[in-house]
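Data first, discussion second: the structure below is written as structure tokens.
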There are 2 protein chains.
Amino acid sequence: MATIQDVAKLARLSRTTVSRVINHHPYVTDEKKRLVLKAMEELNYVPNSSARRLRKQQTETIAVYVPRITNPFFSQMVEVMGNHASEKGYQLILCQTSYSRNKEINYLELLKTKQVDGLILTSIENEWREIKPYLNYGPIVLCNEYNDDADIPTVYLNQVEGAYIGTRHLIEQGHTKIAYCSGDNSASRLAFDRFKGYKQALKEAGLEFNDKWILTNAFSIKDGKRIFRAIADMEDRPTAVFTGSDEVASGIWLEATNHYWSIPDDLAIIGFDDQPQAELIGLTTIEQPIDEIAKRAMGQMIETIENKLPIKKKEIQLNFQLIKRRST
Amino acid sequence: MATIQDVAKLARLSRTTVSRVINHHPYVTDEKKRLVLKAMEELNYVPNSSARRLRKQQTETIAVYVPRITNPFFSQMVEVMGNHASEKGYQLILCQTSYSRNKEINYLELLKTKQVDGLILTSIENEWREIKPYLNYGPIVLCNEYNDDADIPTVYLNQVEGAYIGTRHLIEQGHTKIAYCSGDNSASRLAFDRFKGYKQALKEAGLEFNDKWILTNAFSIKDGKRIFRAIADMEDRPTAVFTGSDEVASGIWLEATNHYWSIPDDLAIIGFDDQPQAELIGLTTIEQPIDEIAKRAMGQMIETIENKLPIKKKEIQLNFQLIKRRST
DNA sequence: TCAGACTATGAAAACGATTTCATGATTTCG
DNA sequence: CGAAATCATGAAATCGTTTTCATAGTCTGA
């Protein structure tokens, strides 16, 4: 492999001048520039990125944390981020935390060992105080996830409103008994906000809030099936169900259909995300502007890196949109 | 940030000894090792990865090429590869080619500039001769994609057989007029092989091959819808259709259902991949052992890197499985 | 015309690790 | 007991760039 030294020798110039040409510095005569370019061409030279990283103390690489890339919500986000990063000359390192606290912490070492210039988190497994110290080693941006204590740039969606418009839509369709179905009931601000939006819509309409209609631990199609059976077994059945994800909604729909229930007459279902399958089964759902938050978060990250901005709280909040289909 | 020098000074030892401790070399007394560890702890030291990369001439990073990460087939592959790589101490850089020859070539510079130790390609946009020269800079492994000219490790699926068992299944259900529907009709060996499997099944059963039933350029749900309308408009209609992807099959199913066709009575549909949506709409499909090829390909890559194996042709072929559902 | 600014170049330092080489000290073994 | 092998350590070279500093020539303007 040719080095900058070889190029310099062939062009009968110094390494410095070659480096200047590579980095488009001024103060190089066209004559010498031509010589350097010719030598580079001849030797098929490209600068070694490790050496460059070491000297410049930056990697032009950004790490993106997702729970699992197979989740369409996150893969959509990563697709947009990847393209945006690539346009700006950055690489993307993919970190799958698999919902594990340990893995999340392990990946944080990437920042400490200077393998990446910054981190974008789309979900957080650990408490913020576990993550905070790593801010000493580089910028962190939150995308989708939200945390009160984290004083860093945050691009997120107004979950209260998301759940609110979904629930209100069901109310407007005449439903009064509306079940609520969510993923984790943990300390996640995200889950908390959605629940708040649901309750707010009920309260506004003067509707009953029934503890038994709150179903948790729902993530997958399989969970959705389980939840349908739970609903079917209830004495006082809800007539509509709000879900926190299209997967769960699909599972409910599937099992309901298998039991010859008519949707939405026997049960109205509303999903979340507008994933491809939603169109297939005619699922009413709440669309998240994924492309938008992904692009904003990546933009924020690159700006922070390039202008060496101080890390501080900066909230960008975006809104949802309801997509009405046959399931409600 | 503390450097190895700082650690050495604090421990009153040389850089060399500190380095030995970090890299678990023998010939360090327990006494000194303890001193070093203590100093590292005290200074909160971690080795700088850029310096390490430069000196060791390796990056512990692998690039994975996919067309788009949002395609469930590829995101599944990347999920498995990511986890496998992480277990072995490697990072994953995600390269989305977006089906563009240019982008593919651009990303190849990663190998040349030594930003990654190796490349896994899950699809190829350019001719092999465009890619081959990059083998001088590091190993390349093919996963899913196949190319006759490429003398490199290749993990792939027996596409001939895949299409064959799908088509034969339709024949066994009594169909004699079977349409065939595929993505690109390019020089891709993958597409060629599938077509071969389809024709082979027809021929074995002594069935007619009809040019008009060969539909191309089908990738998305939208394409599937278009294809349904094309089929519906035919004078001599097929009674079953073999598709190269679940997305396309879903599109056909969706549009057919919207037109009140009964599946499979009016039209039998078979998909490819067994994506989550296939279960939802009861799509018969051909399952690919994605986890298996992903794991094998990554294993092959790491083995090649670590044992500095010469790059040579090595084929690993795996088989498909038919999943029967309601659409046939 | 001469001081200061600007242009053009190269030598050498710096980035932060690992590896090679050299040197003793200690152990092994015929 | 003495030579060879093994253990333990550090100084210095090395990986391949970019950056700083020094130097010298050329312009510019009062």
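Each chain gets a letter, A, B and so on, in the order the sequences are listed, and its residues count up from 1.
Not counting sequence neighbours, the partners of E60(A) by the side-chain contact (heavy atoms from CB on, under 4.5 Å) test are Q58(A), Y90(A). The side-chain contact (heavy atoms from CB on, under 4.5 Å) search around D149(A) returns W128(A), N147(A), not counting sequence neighbours. Residues that satisfy the side-chain contact (heavy atoms from CB on, under 4.5 Å) test with N136(B), not counting sequence neighbours, are absent from this structure. Not counting sequence neighbours, F73(B) has no partner by the ring pair (Phe, Tyr, Trp, His ring centres under 6.0 Å) test.
Contacts between chain B and DNA chain D, taken as any atom within less than 4.0 angstrom of a protein heavy atom, begin and end at dC7(D) to dG16(D).
Of the possible donor and acceptor atoms, one in the side chain of T3(A) sits under 3.5 Å from a partner among the backbone N and O of Q5(A). A donor-acceptor contact shorter than 3.5 Å links the side chain of T154(B) to the backbone of I152(B). Although no hydrogens or angles enter the test, the distance criterion places no donor-acceptor pair under 3.5 Å between the side chain of Y45(B) and the main chain of M1(B).
For dT9(C), neither phosphate oxygen OP1 nor OP2 lies less than 4.0 angstrom from any side-chain nitrogen or oxygen of T17(A).
Under the salt bridge (charged side-chain N to carboxylate O under 4.0 Å, His left out) criterion, the residue pairs touching residues 77-99 of chain A are E79(A)-R68(B), with sequence neighbours excluded. Sorted by first and then second residue, the ring-ring contact (aromatic ring centres under 6.0 Å, His included) pairs with a member in residues 135-155 of chain B read Y146(B)-Y156(B); sequence neighbours excluded.
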Side chains of residues 18-25 of chain B: which donor-acceptor pairs under 3.5 Å do they make with residues two or more places apart or in other chains?
from, atom 1, to, atom 2, distance (Å)
S19(B), OG, N23(B), ND2, 3.4
N23(B), OD1, R52(B), NH2, 3.1
N23(B), ND2, S19(B), O, 2.8

Can I get a per-line list of side-chain donor-acceptor pairs under 3.5 Å for residues 289-300 of chain B, giving both atom names and the distance, sequence neighbours left out?
from, atom 1, to, atom 2, distance (Å)
D291(B), OD1, Q76(B), NE2, 2.6
E292(B), OE2, R296(B), NE, 3.2

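When each of V66(B), V155(B), I62(B) is tested with I120(B) by the rule side-chain contact (heavy atoms from CB on, under 4.5 Å), just one qualifies, namely I62(B).
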Check: If the sugar-phosphate is the primed atoms plus P, OP1 and OP2 and the base is the rest, what is the B/S/- string for nucleotides 16-29 of chain C, using protein heavy atoms under 4.0 Å?
Finding: BBBBB---------
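Taken residue by residue, residues 29-38 of chain B places no heavy atom nearer than 4.0 Å to DNA chain C.
Between the axis at the start and the axis at the end of the helix from dT1(C)-dA30(D) to dG30(C)-dC1(D) there is an angle of 30°, using five pairs per end and rounding to 10 degrees.
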